[in-house]
Amino acid sequence: MGVYTKGGDKGMTDLFGMQRVPKDHVKVEAYGVVDELNAVLGQVRAWLMNGADQAEIKWIQKRLITLCAQLAATEAAMAKILDPIGPADVETLEMWIDEMDKVLPKFTDWIIPGEDKASACLHLARTVTRRAERAVTSLSHEEPVSEQVCKFLNRLSDYLFQKGRKVEHDMDVQDIMRAVEKKLSGGEALELAGRIADRAQLKAGEIDVPVTIVVTDASGHIILLRRMDGCLLGSIDIAQSKAKSSVLLRMSTEELGKLVQPGQPLYGIEHSNNGLTPFGGGLPIWKDGVLWGGLGISGGSVDEDIVIALAGLEVL
């Protein structure tokens with residue numbers, strides 16, 4: 001089927017139900033604004049670094065597709081929508097808003113968007129949501145519109161407002177943590193460790209795997225330890241051991257795993273040095289041909305940890 005049909009060349013389009021209406025029809029305006037909102041939320045999701053935030057936005061995008069169908073449907077076609085927007089969808093947004101309320105400072109002033117790319121896009125999405133509300137309200141004067149659709153859009157604008165604040169709040173907290181880390185550890189080592197951890201965390205967010213990230217110096221001493229929300233508690237010690245193992249033996253822990261098998265040259269060495277970790281996720285960090293430190297990732301499968309660790313070293 002071709003991308004273009006020429007069916008709309010004269011300013012007419014089909015509703016869901018094959019009724020022909022002008023393209024400036026109130027129904028087309030309503031679902032068109034919701035479609036625009038979905039596109040803006042895609043931009044939001046592309047900028048977000050936190051995997052949980054990305055998952056929430058994707059869920060909203062999927063529900064907006066259903067909402068578009070409801071707005072575009074003729075009365076006869078409405079029965080074909082199997083999972084329309086309902087009270088549970090509104091409650092989900094309210095739950096997320098309440099969770100953010102627990103950690104955000106009291107709102108005391110007007111928000112000026114632009115402190116962060118993701119938060120700026122969230123506030124743009126909020127304003128498009130308000131426009132969608134107005135368009136749906138206009139539609140409701142012409143034909144019945146589900147009360148749950150109106151509630152969902154109203155809560156969504158509140159959610160996006162709070163999420164924009166939450167992203168900026170998290171950014172401020174991270175800046176403070178980095179400043180403290182730099183004060184304690186000092187200088188270039190922490191700056192490079194932070195960049196490695198940032199890149200690794202970005203990759204972990206992309207594949208939705210919360211991990212612990214550890215960067216050590218060339219002696220195996222920790223420069224930086226970062227835990228992502230939701231990571232396994234057991235990953236903390238394992239990530240440290242992977243980083244230390246890669247430094248002590250100057251090889252990846254994946255390579256070490258192959259060499260400690262029965263009959264291989266390093267069989268049994270994992271029991272030395274108070275324990276080494278012989279499976280993937282630990283990498284030595286080489287800088288200008290010199291061993292600079294080690295990187296340990298733990299929290300996903302072995303293959304996922306390796307992918308995240310390799311992404312972290314891309315900054316070099």
Parallel, tilted or perpendicular: which describes the rings of Tyr159 and Trp96, with under 30° parallel and over 60° perpendicular?
-> tilted
Nearest-0.5 Å distance that lies between atom [atom1] in [X] and atom [atom2] in [Y]:
X: Gln162; Y: Ile97; atom1: CD; atom2: CD1; result: 7.0 Å
X: Glu255; Y: Leu259; atom1: CD; atom2: CG; result: 5.5 Å
X: Leu71; Y: Asp35; atom1: CG; atom2: CG; result: 11.0 Å
X: Glu254; Y: Asp305; atom1: CD; atom2: CG; result: 11.0 Å
X: Leu122; Y: Arg126; atom1: CG; atom2: CZ; result: 10.0 Å
X: Met251; Y: Ser245; atom1: CE; atom2: OG; result: 10.5 Å

ILVMFWY network linking [X] to [Y], side-chain heavy atoms under 4.5 angstrom:
X: Leu313; Y: Leu224; result: yes
X: Leu249; Y: Leu295; result: no
X: Leu48; Y: Leu104; result: yes
X: Leu276; Y: Tyr267; result: no
X: Leu225; Y: Leu248; result: no

Can you find a heavy atom in the side chain of [X] that is under 4.5 Å from one in the side chain of [Y]?
X: Thr66; Y: Lys62; value: no
X: Thr127; Y: Arg131; value: no
X: Glu29; Y: Ser138; value: no
X: Ile57; Y: Asp53; value: no
X: Ile213; Y: Gln201; value: yes
X: Val211; Y: Cys231; value: no
X: Thr216; Y: Trp292; value: no

Only one of Leu160, Leu153, Leu156, Asn154 forms a side chain to side chain contact (heavy atoms under 4.5 Å, CB included) with Leu93, so which one is it?
-> Leu156
For Glu314, the option from Arg199, Arg195, Lys203 that meets side chain to side chain contact (heavy atoms under 4.5 Å, CB included) | Arg199
Take atom [atom1] in [X]; do more than 12 heavy atoms of anything else shown fall under 6.0 Å from it?
X: Glu206; atom1: CD; answer: yes
X: Arg227; atom1: CZ; answer: no
X: Asp98; atom1: CG; answer: yes

Would you please test Leu256 and Ile269 for side chain to side chain contact (heavy atoms under 4.5 Å, CB included) and show each step?
-> CA-CA 9 Å; Leu256 174 61; Ile269 198 173; 4.1 Å; yes
Before accepting this row, confirm whether a basic side-chain N of the pair [X]/[Y] lies closer than 4.0 Å to the acidic partner's carboxylate O.
X: Arg155; Y: Glu91; answer: no
X: Lys27; Y: Glu143; answer: yes
X: Lys106; Y: Asp101; answer: no

Could you check Arg130, Arg165, Lys163 and say which one makes a salt bridge (charged side-chain N to carboxylate O under 4.0 Å, His left out) with Asp158?
-> Arg130
Does the [X] side chain pair with the main chain of [Y], one donor and one acceptor, at a distance under 3.5 Å?
X: Gln70; Y: Ile85; value: yes
X: Asp217; Y: Gly293; value: no
X: Ser301; Y: Glu304; value: yes
X: Ser241; Y: Ile238; value: no
X: Asp116; Y: Ala118; value: yes
X: Asn38; Y: Gln61; value: yes
X: Gln261; Y: Gly257; value: yes
X: Thr253; Y: Phe279; value: yes
X: Thr129; Y: Ser157; value: no
X: Thr92; Y: Ala88; value: yes

Stepwise side chain to side chain contact (heavy atoms under 4.5 Å, CB included) test for Leu192 and Leu316 | CA-CA 9 Å; Leu192 178 56; Leu316 299 175; 3.8 Å; yes
Do Asp89 and Gln148 have a side chain donor and acceptor closer than 3.5 Å?
-> no
Exercise: do Thr212 and Ser235 side chains pair donor with acceptor under 3.5 Å = yes
Smallest separation among heavy atoms of [X] and [Y], with atom names:
X: Lys242; Y: Gly280; value: NZ-O, 2.7 Å
X: Gly294; Y: Ser246; value: CA-OG, 3.8 Å
X: Cys121; Y: Trp47; value: SG-CD1, 3.7 Å
X: Ala218; Y: Leu291; value: CB-O, 3.5 Å
X: Ser252; Y: Leu283; value: CB-CD2, 3.6 Å
X: Ala125; Y: Leu41; value: CB-CD2, 3.8 Å

Carefully, step by step, assess Val44 and Gln54 under the rule side chain to side chain contact (heavy atoms under 4.5 Å, CB included).
-> CA-CA 8 Å; Val44 168; Gln54 291 174 330; over 6 Å; no
Check step by step if side chain to side chain contact (heavy atoms under 4.5 Å, CB included) holds for Leu67 and Arg63.
-> CA-CA 6 Å; Leu67 197 155; Arg63 298 310 288 149; over 6 Å; no
